[in-house]
Amino acid sequence: MPEYAREYLQKKWDACQKTCEPQDLLPIAVGQIQLENKLGQTAHELLICDTDLLETKVYSEAYYVGHCDPILEKYALQNTYDLYLLTNIDIPWEADDLRDKPNERQKMFAYFKEALEKYHKNFITLSGDKQTRFRKAVEQIDKLRRMNMDLTKQDMEQLASKGIPKEKVLHQIETFKAGIPFVNLEKAAVVGRGISKFTEQEQQDLIEHFELNREHVSLLKFIPASGAASRMFKAMFNFMDAYDPSTETLQAYCERTGDSAVQQFVAGLQNLPFYQQIMERIGGQFKTEGEKAHMFVTEMLTEAGLNYGFFPKGLLPFHNYANGAATPFEEHLKEAALYAKSGGDAKLHFTISEQHDAMFKAEAQRTVPKIGESTHTNFHISYSNQKPSTDTIAVNMDNSPFKNNDGTLLFRPGGHGALIENLNDQDADIIFIKNIDNVVVDDNLPAVANSKKMLAGLLLKVQAKAFEYATKLESASITENEVNVVKSFLENELNASFSTDFDGLNHNDRISQLQNLLNRPIRVCGMVKNEGEPGGGPFYIRNSQDKVSLQIIESAQIDMENAEQQSILKNSTHFNPVDLVCAVRNHKGEKYNLLEFVDSKQGFITEKTKEGKSLKALELPGLWNGAMAFWNTIFVEVPLVTFNPVKTVNDLLKKSHQP
C-alpha cells in the first residue's frame, strides 16, 4: 500500500508550491485509512503499508508545536498492526519536492522510535544497505507468519474473549526473546538531590495551601486492595501442616525447625486483634501450649474456622479498639474523611479481586454508615477488578506460546502494574494512592493526614505553575526569556531532563520540547528513611536514549553483579512507602491517557512451573515504577509514622498497630 500523503501533497505542491500544513493532516488520515481498508479486503495473508496514522500523529506533534488533532490521535492509537519496520537513517538523504529538514533526521528517527516504544508496538529497526534491510524484513515477516500459523482459531477466539489484541501478544513474545535489561542507575536520590525536605513551617504552609483550595478541587482516594491474605499467613500455613502437637512440644518444634515466625506469633498471641474472638471459638479444648497454638492457627485459617486464609487482606481485623476490631477498609475511610474530603463528600476507589466483590460490599454496608456519621462525611465507594486484557502470555523456555493440557494458551495476571488501566479509568483533580495494608491506629491519624495534606499542597502549587507555563507556551508572543523561565521550572521543580542539543534548537523546537516535558501527569511521592525494609527506592536512572529521570526502582531491576550499580544501591537513604498524590489532568482540564506514559522496558520476566513444565512469565511494569516512568516526579521526605504495611501476620504485633 503506497503512502497516500505522497500523492496528496505532490498534487498540492504542483498546484501552489506549498508543502504540508496542519489543515492537511485529517484529509491525509482519511485517505490513508480508506486506501488501507480497500486493499485489506483483497490482500492475501499480508498487507504491507508504507505508513500509518501513528506516523501522521508523530509528524503533527514534531512539526506543529506538539499539537495533534484529537480525532487523528484517537484513530492513530486505535489502529493495530502486527509488525512495524522502522527504517534507520544510515543511508543518504535524497531531496525531492516534499522532503525537508535533512539535518534533523536523527531527531525525527528518535521521535518515531519513542512513539513505537511508548505505545508498545511490535517493531524492528532496519539498518544497512537495501539488500540487508530487505533480508531482515523478510526474516521478520516469515517469523510473524509462522507465529500466526502457531496461533490457531481457538487461540484467536481466546484472545478475543479476553480483549487482548494479537499485536499485544506478539509484542510480549518479542519481549521474552529480547529480554528486559536491568535499569542503569545514575545515582541515588537523597535529601537535597532529588528528595525535598521541608521545615515544620514550610510543611504547615503547604497544609494551609491545601486546606484553602480543597473545596475547589475534586479529590479521590485510590486504594490497590486485591492483595490476598494467603501470603500474609504463609508461615502459619506451613506451621499448621508441619506441626503435630500430639508428637512433640511446641518448644521442641521451634528448636528443631528454627521457626522464628511461629515463636514471635505465639509470644504475641494475646495482642492480635482477633485473639479474643478465636479463643471464644476454641474454648478450653486444648491441654498444652502446642495444642493451643495449633488449634488457634487452624481456627484462624481454615474454611471450617474463620477462613482468614481466603480473605482479602483489606477485610481482616487489623486494629483492636474498645468498641471492636477495625479492618483496613474501615481505616481507609477514616483517613479519607481527614484529607480526601471536599464539600462533605469523600470518594474512594478500591481495586479488588472479583472473587471478593461481595465481601467488600458487605463490609461497606457495615462500616460506611458508622464512619460517615462519626466523621460527618458522605462516602462514595467504587470498585474495579484487574482487567482480563492486562493478563500476559506465558511462554515455554524456547519462547513459544505455552499451552495448557486442554490446548488453551496460558495467560497470567500482569501484576500490580496492570492497575494503571484501573487508575486510567478514574478522573479527579487530585488522586491519593495508598496500599490497602498501610494503615495506622487512630492515635496516628492526624500525623498521617497532615503528611498527605502537605504533599497535596505541594502538588497544587506546582501544578498551578505548570498550568500557567503550559498556557504561555501556546502563545505566539512567548519570549526567549519566558522560555528559559519554563525550562528552569521543569529542571528545578519537576526534575525534568533535557536533551543535550536543547540550547542549539531553534525557538519553535525548544517550545515543542518544553511542551512535551510539561504536559505530563505529575506525582508527588512521599519517601521515608530506609529502616531496612525490602522494596523499591528513589533513584536517578539513565535510559537507552541517554535521558536521566527520577524513578522508583525495585531491587529486582538492578544488576546486583555490577559493583558500580550495587554501590549506588548501598548509598541510597530512602524507601518507597507507596504514598503518592497525583494530578492527571492538563491545563485545559482534559484527563491524560495514562497508558501513554508507561515504560514497557521496566517489566519483569520470571521463571515458573505449570503442570510440571517450566515456563517464563511476564510481569508488567509496576504501578508506581515503570507504569509511571514518564510522569513528572517529585520526591518528598515524610515521617516514618506514615509507613505501617502489614506483609505478615506478625506485623500486626508491632507497636504501630497496637491502639
Side-chain angles (χ1 to χ4, degrees), residues 1-11 20 24-60 71-88 91 96 98 112-113 115-175 177 389 393 399-401 409:
M1 191 195 82
E3 180 183 11
Y4 178 80
R6 275 244 146 222
E7 179 184 352
Y8 177 97
L9 293 174
Q10 189 65 55
K11 288 179 180 177
C20 188
D24 294 320
L25 295 178
L26 277 185
I28 286 173
V30 170
Q32 181 78 22
I33 289 297
Q34 287 177 340
L35 182 57
E36 187 175 313
N37 289 344
K38 179 181 177 182
L39 291 176
Q41 293 173 354
T42 58
H44 175 66
E45 189 180 359
L46 291 175
L47 177 64
I48 300 176
C49 307
D50 184 274
T51 187
D52 82 323
L53 295 193
L54 182 60
E55 187 274 346
T56 310
K57 167 179 155 61
V58 173
Y59 181 95
S60 174
I71 296 175
L72 171 57
E73 181 167 43
K74 175 184 177 182
Y75 289 101
L77 299 182
Q78 277 187 4
N79 270 15
T80 59
Y81 301 83
D82 295 310
L83 177 66
Y84 281 82
L85 306 173
L86 176 63
T87 51
N88 209 338
I91 56 174
D96 66 12
L98 304 178
F112 291 125
K113 187 170 186 289
L116 292 169
E117 291 174 340
K118 181 177 183 179
Y119 300 114
H120 316 303
K121 301 302 183 183
N122 184 34
F123 77 96
I124 61 162
T125 301
L126 298 180
S127 303
D129 58 26
K130 290 183 179 180
Q131 291 77 14
T132 303
R133 292 175 181 228
F134 184 76
R135 185 168 60 251
K136 185 174 180 181
V138 170
E139 287 174 357
Q140 292 297 319
I141 292 171
D142 280 343
K143 285 183 182 179
L144 187 65
R145 292 171 65 221
R146 287 194 296 272
M147 180 60 66
N148 282 341
M149 287 186 281
D150 288 342
L151 293 175
T152 65
K153 181 181 178 183
Q154 178 186 0
D155 296 336
M156 297 304 295
E157 290 172 352
Q158 186 181 352
L159 293 181
S161 70
K162 293 178 72 67
I164 300 177
K166 180 180 66 173
E167 178 197 36
K168 192 173 183 180
V169 169
L170 296 175
H171 178 70
Q172 289 173 2
I173 291 173
E174 288 303 314
T175 299
K177 292 177 180 177
S389 59
I393 194 167
N399 300 314
S400 61
L409 294 168

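Because only heavy atoms are used, hydrogens play no part in the values below, and waters and symmetry mates are left out as well, while side chains stay in. In this text, all values refer to a predicted model and were calculated from it rather than measured experimentally.
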_Pairwise side-chain contact, I124 with L86, heavy-atom cut-off 4.5 Å (strictly under)_ = no
*asked:* Between K11 and E7 (salt bridge meaning N to carboxylate O under 4.0 Å), is one present in this structure?
replied: yes
*Determine whether L26 and L72 make a side-chain contact, defined as any pair of heavy atoms from C-beta on separated by less than 4.5 Å.*
yes
_Under a 4.0 Å threshold between the charged nitrogen and the carboxylate oxygen, would K177 count as salt-bridged to E174?_
yes
_Let me confirm one number: the NZ-CD distance from K113 to E117, rounded to the nearest 0.5 Å._
4.0 Å
_Are the side chains of L170 and P165 in contact, using a 4.5 Å heavy-atom criterion?_
no
*asked:* Measuring only between side-chain heavy atoms, which start at C-beta, is Q140 closer than 4.5 Å to K143?
replied: yes
*Side chains of P2 and L35: does their closest heavy-atom pair fall under 4.5 Å?*
yes
*asked:* Is there a side-chain contact between K57 and L54 in this structure, where contact means two heavy atoms from C-beta onward sitting under 4.5 Å apart?
replied: yes
*Rounded to the nearest 0.5 Å, how far apart are CG of N37 and CD of Q32?*
10.5 Å
_Electrostatic pair D52:K121 at N-O distance under 4.0 angstrom_ = no
*Evaluate the ring planes of Y81 and Y84, with Trp represented by its six-membered ring, and classify them as parallel (under 30°), tilted (30 to 60°) or perpendicular (over 60°).*
perpendicular
